[in-house]
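Input: a single structure, listed below in structure tokens.
Small disclaimer: the values here were computed from a predicted structure and weren't measured. In what follows, every chain begins at residue 1, and chains take the letters A, B, ... in the order their sequences are listed. Keep in mind that the numbers below use all heavy atoms, side chains included, and drop hydrogens, waters and symmetry copies.
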Amino acid sequence: MYAIFKREFLSYFRSPVGYVAISIFSFLAGFIFYSQFAGGSVNIGSEVISLRSFFVIIVPIITMGLLAEDKKRGTEILYYTTPVSLFSVVAGKVLAAFALYAVMFLNVVIHIIVTLACGGVFGVGAVGTIIVFFFMAFMFISMGLFASAITDNQIVSAIVAFIFILITQLLSVIGDYTGTAVTSVASAIGVNSESASAVGTAIRSAISWLDPFAKTQDFRLGVFSVSALFFLLCIGILFLYMTYRVLEKKRWSQA
Amino acid sequence: MIEINNLVKRYGDKKAVNGISFTVNDDEVLGFLGPNGAGKSTTMNIITGYLSSTSGTVKVNGHDILEEPELAKKEIGYLPENPPLYNDMTVAEYLDFVCDLKGVSRDKRKKQLERIVSLVRISEVYNRLIGNLSKGYKQRVGIAQAMVGNPSILILDEPTVGLDPNQIIEIRKLIKSLAKSHSIIISSHILSEIQEVADRVVIINKGKVAAVDTISDLSKRLSGQSKLLLTFKGPLKEGLAKIRALPGVQSATPRLTDNTMSQLEISIVNDNSADVRTSIFYLMAKESWPILEFRSLDPSLEEVFLNITAR
Amino acid sequence: MSKENNNENMHNDVRAEKMKLFSIGSVVLLAAIILLVNILFDKILGKAMTFDFSDTAQNSVSQLTADYLDSLSADTHIRIVGLFNRPENVANTKYQYIIPLLDDYVKTSKGKVTVEYIDPLEHPSIINQLDPTNSQDLAKQAENFVIEYNGNLKVIAPIDCYSYDENYFRTTNSYLITGNNAEYTFTNAMNVLTNGYAAKAYIVTGLKEEGNENITKILNSMTIDVDTLAVSENFTVPDDCSLLILNGPNSDISEKMYVAMSDYISRGGKLLVAVDYSTYNANESYVRLNLLLSQMNINIQHLLIYENDPTYQLGGYPIDSNVLAIEPFADYSSSPVLHNSYARSIAYAENPNTGFTALPVLLTSDNAATIEVDESGRAVDNGMITTAQYYAAMYSSTSNADGAKAFVFGTLNFTSDQYINSYGLNDYNVEFLRSCIRELVSAQTLDGINIPTKLVDSYTLANSKSTTSLSTLMLVIFMVFIPVILISVAVIVYSKRKNL
């Protein structure tokens with residue numbers, strides 16, 4: 001695992017990808033911080049929350065090549081024919097991308113230091129948002145890694161990862177629309193309005209229950225929910241396991 | 001030592017490998033011969049654990065590749081058809097990564113790499129980017145990669161393909177020097193290439209083993225079937241009839257003909273009692289048909305298989 | 001293809017089929033386990049594994065509420081219904097400090113309190129279910145909360161739960177929340193529903209006054225029941241009256257009322273009087289009311305306070321100004337600077353009654369004047385009297401703890417619907433009024449639960465650092481310098497490695 005982690009992490013810095021990703025992140029974080037600073041009050045928590053909306057751009061950039069490029073170059077054969085387990089390959093790759101995210105996050109650490117130096121507040125709510133940020137980073141990177149495993153084309157992989165993350169971010173909205181649609185369809189086919197809307201609401205809340213953003217929103221207020229973090233962790237692990245299975249499939253697949 | 005027993009690998013309805021069995025002994029160079037698409041690469045991928053077989057077993061020094069993959073893989077160094085190289089890494093970085101992958105400990109690493117680098121002679125490109133290396137150097141880096149971790153078995157899939165003649169000679173020398181301390185499986189679709197280095201040859205065709213033999217036995221078998229190409233100035237029909245009448249000639253088929261010359265492909269029976277070439281020469285001289293070209297033809301692999309399977 | 005061959009194929013495929021089955025099966029199984037475990041975790045341990053680390057515990061109920069909830073019998077069922085769908089994201093909505101807190105009520109109460117979110121538009125039956133008699137007109141309370149206990153209801157609007165920056169509100173007409181009273185509001189509402197009222201106030205009606213909606217709301221939140229007492233021929237003050245309120249009468253009290261109220265004062269009655277000086281009552285000098293108040297050494301003058309000090313004026317209007325609450329009333333609200341408008345001057349009565357001690361409560365600047373105006377609002381000749389400090393409110397009490405007490409306000413900015421609707425229930429004036437009521441109706445009998453307002457985090461930087469030059473520096477460093485350096489490193493690394 002360490003071998004894979006080391007290679008992937010260093011390869012971010014051997015090619016421009018890592019620097020570009022970090023500088024995009026720095027610019028965005030800097031913009032948010034600057035706008036707040038110019039307004040005279042800095043809420044690190046809301047900066048971190050705003051930064052979460054950029055997962056959709058940054059995660060595909062840093063995960064697209066992780067496995068797709070190996071397939072294209074034929075280097076994946078090393079993972080199968082050397083005594084490393086495929087799961088440690090997956091773990092090493094996800095850790096590398098995660099570590100890159102941690103490096104990016106140094107920007108926010110600098111912002112925190114500046115804020116404190118300028119008499120601002122770095123409260124427990126902000127700590128909450130940061131914890132959520134990293135759990136989400138793990139989850140989205142896992143999704144991106146999975147997207148990278150199912151194709152040997154980096155662009156396809158980036159697009160798939162983008163779609164995965166976008167859907168996750170829009171889960172509540174999707175839930176709303178689905179709920180409304182189901183309600184109106186049910187009414188149209190003659191279900192009475194109360195039970196139609198009950199069905200719609202049930203579907204909406206079922207979809208919204210999956211929304212990691214809704215689950216973790218209270219962290220910004222300093223309310224830490226272990227079950228929400230556990231959920232993020234589980235989804236990440238599920239995607240890692242699926243990635244592992246996709247790699248394993250290469251062995252026995254007869255297609 | 002590798003024992004391969006009844007390997008089958010199916011892709012869809014097609015069997016890429018269909019019941020291959022053979023054994024590789026310690027410190028032996030085994031040539032793995034077959035035309036393109038015969039299943040050489042698939043078989044090697046199964047032996048190294050990259051693919052799992054549909055059925056059948058592979059045992060590497062007693063470890064089953066599916067049941068004890070880590071122990072089995074430790075014994076194998078593999079150079080696939082396309083060397084698994086990262087073009088964005090330098091040779092040093094790459095070999096260090098492979099050491100990490102194969103778990104070569106820090107203190108042994110430097111010594112081992114030094115030995116490998118001098119053996120495959122890549123020290124002058126050691127700090128260069130792999131993407132900028134020539135094909136021959138890339139191939140050597142690929143071999144170096146396979147040697148990392150001191151595996152007792154090296155599996156080289158078409159190590160000389162795409163190289164220029166000088167590079168081919170270099171690589172062959174390298175393989176010969178490696179053969180002293182390793183069991184090696186080397187695959188090729190060119191017979192002469194294998195003949196140079198291998199002790200024993202396994203020939204496969206259409207997913208099946210066509211022959212397993214030592215090089216000398218194989219040569220003997222193959223020399224029983226040789227062909228000559230003859231181009232002469234003279235009438236085709238008459239020439240054909242006359243040559244067919246010569247003792248030792250099995251068959252003769254026309255290849256090319258025009259107003260000025262005729263070309264024949266002649267199969268001869270190899271019974272050593274009569275030198276067919278001499279009698280052809282005298283025939284031509286007698287008829288005053290000048291010989292424009294007269295040489296022996298290397299049998300194609302397909303013909304070898306036909307020949308082998310025909311017996 | 002022969003049958004035999006097919007069989008052989010099937011035999012050969014067993015290993016791959018097994019792998020495929022295992023692969024897909026294990027993914028499906030893992031997904032199912034994850035879903036199940038998370039649902040269970042969320043439902044069973046979700047609440048217990050949620051920890052409030054916020055500095056002021058914004059989203060947790062305090063010990064006071066916990067004690068109150070513990071004091072309720074186990075079979076108590078308080079039902080809280082939000083008349084809207086629970087928003088998925090409460091951040092930056094008016095519910096942001098309410099919904100997480102209500103979740104904590106549920107957790108702390110161990111089943112005594114339930115919270116539901118039901119949109120009456122989607123489920124119209126909820127309104128009839130909660131309020132069969134339609135006494136609260138719940139259809140108009142969408143987006144608010146209803147607390148139901150034994151058929152009794154309390155409606156709570158989100159804004160009831162906050163205090164906010166008044167200046168910001170006055171300039172932008174939007175709320176900048178500064179304090180969180182959600183727990184105060186909800187706990188007291190529940191307390192009133194479960195324990196009933198601690199006292200009863202009567203508001204006198206029929207003196208051309210305006211509405212009493214907001215003061216009723218305030219009194220209710222202090223566990224004081226409110227009833228009205230209409231002007232009539234046989235006007236008497238009921239025995240259960242803990243507080244008698246005259247809120248903005250535009251005409252004087254009757255002789256009969258004077259007698260009844262004098263009797264009430266002699267019995268140790270508590271009085272809250274608020275009048276102002278507007279075009280509706282410019283000719284009214286409240287002779288009989290003054291006769292009543294003079295027993296307590298207070299006189300409502302027929303004079304309008306005219307603030308000359310520009311630092312006291314609000315928006316440059318001399319009759320719309322700040323007044324200062326002085327000791328011992330200075331800490332009645334979070335800020336001693338309060339607002340009055342169209343205020344009558346309140347003064348000491350001329351013939352002191354030694355049984356009562358009167359104290360000024362709200363003071364103008366030293367540079368104020370009083371004038372007399374006519375019904376059209378014009379100053380009457382010679383109306384201007386020398387500048388001095390005037391009182392906008394006074395307080396009178398006896399040395400006896402059970403004796404009569406009175407607050408007399410010369411302005412309606414503390415009690416009128418108009419003012420409170422404009423500035424909300426959390427205005428400093430309202431806070432001040434609450435304290436006055438607490439003083440009048442002795443605090444012990446008010447069994448309200450006084451949960452302090454929770455301050456909302458402020459992220460303001462130190463003034464000295466919040467400068468344009470410094471923020472420009474931030475712009476340059478974080479948006480230009482760092483990204484440019486990173487891009488340059490990328491270019492250097494790329495071009496250097498390219499030629500290795």
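- Comparing B/Lys74, B/Met89, B/Lys14 by heavy-atom pairs within less than 4.5 Å of chain A, the highest count is held by B/Met89.
- Ranked by heavy-atom pairs under 4.5 Å with chain B, the list A/Arg73, A/Glu76, A/Glu69 is led by A/Arg73.
- Only the side chain of B/Lys9 comes within less than 4.5 Å of a heavy atom in chain A; its backbone stays farther off.
- Heavy atoms of B/Glu81 lying under 4.5 Å from chain A are absent altogether.
- Comparing B/Glu93, B/Lys102, B/Gln145 by heavy-atom pairs within less than 4.5 Å of chain A, the highest count is held by B/Glu93.
- Only the backbone of B/Leu85 comes within contact range of chain A, with heavy atoms under 4.5 Å apart.
- A salt bridge does not link B/Lys135 with B/Asp164: none of the charged nitrogens is closer than 4.0 Å to a carboxylate oxygen.
- Side chains of B/Asp107 and B/Ser105: a donor on one and an acceptor on the other come within 3.5 Å.
- Among A/Val89, A/Leu10, A/Val84, the residue making the largest number of heavy-atom pairs under 4.5 Å with chain B is A/Val84.
- Of the two parts of A/Ser88, neither the backbone nor the side chain holds a non-hydrogen atom closer than 4.5 Å to a non-hydrogen atom of chain B.
- B/Tyr78 touches chain A through its side chain: at least one heavy atom from C-beta onward sits under 4.5 Å away, while N, CA, C and O do not.
- If you run ring pair (Phe, Tyr, Trp, His ring centres under 6.0 Å) between A/Phe55 and each of A/Phe25, A/Phe135, A/Phe133, A/Phe134, only A/Phe133 comes through.
- The most heavy-atom pairs under 4.5 Å with chain B, out of A/Asp70, A/Ile4, A/Leu78, come from A/Leu78.
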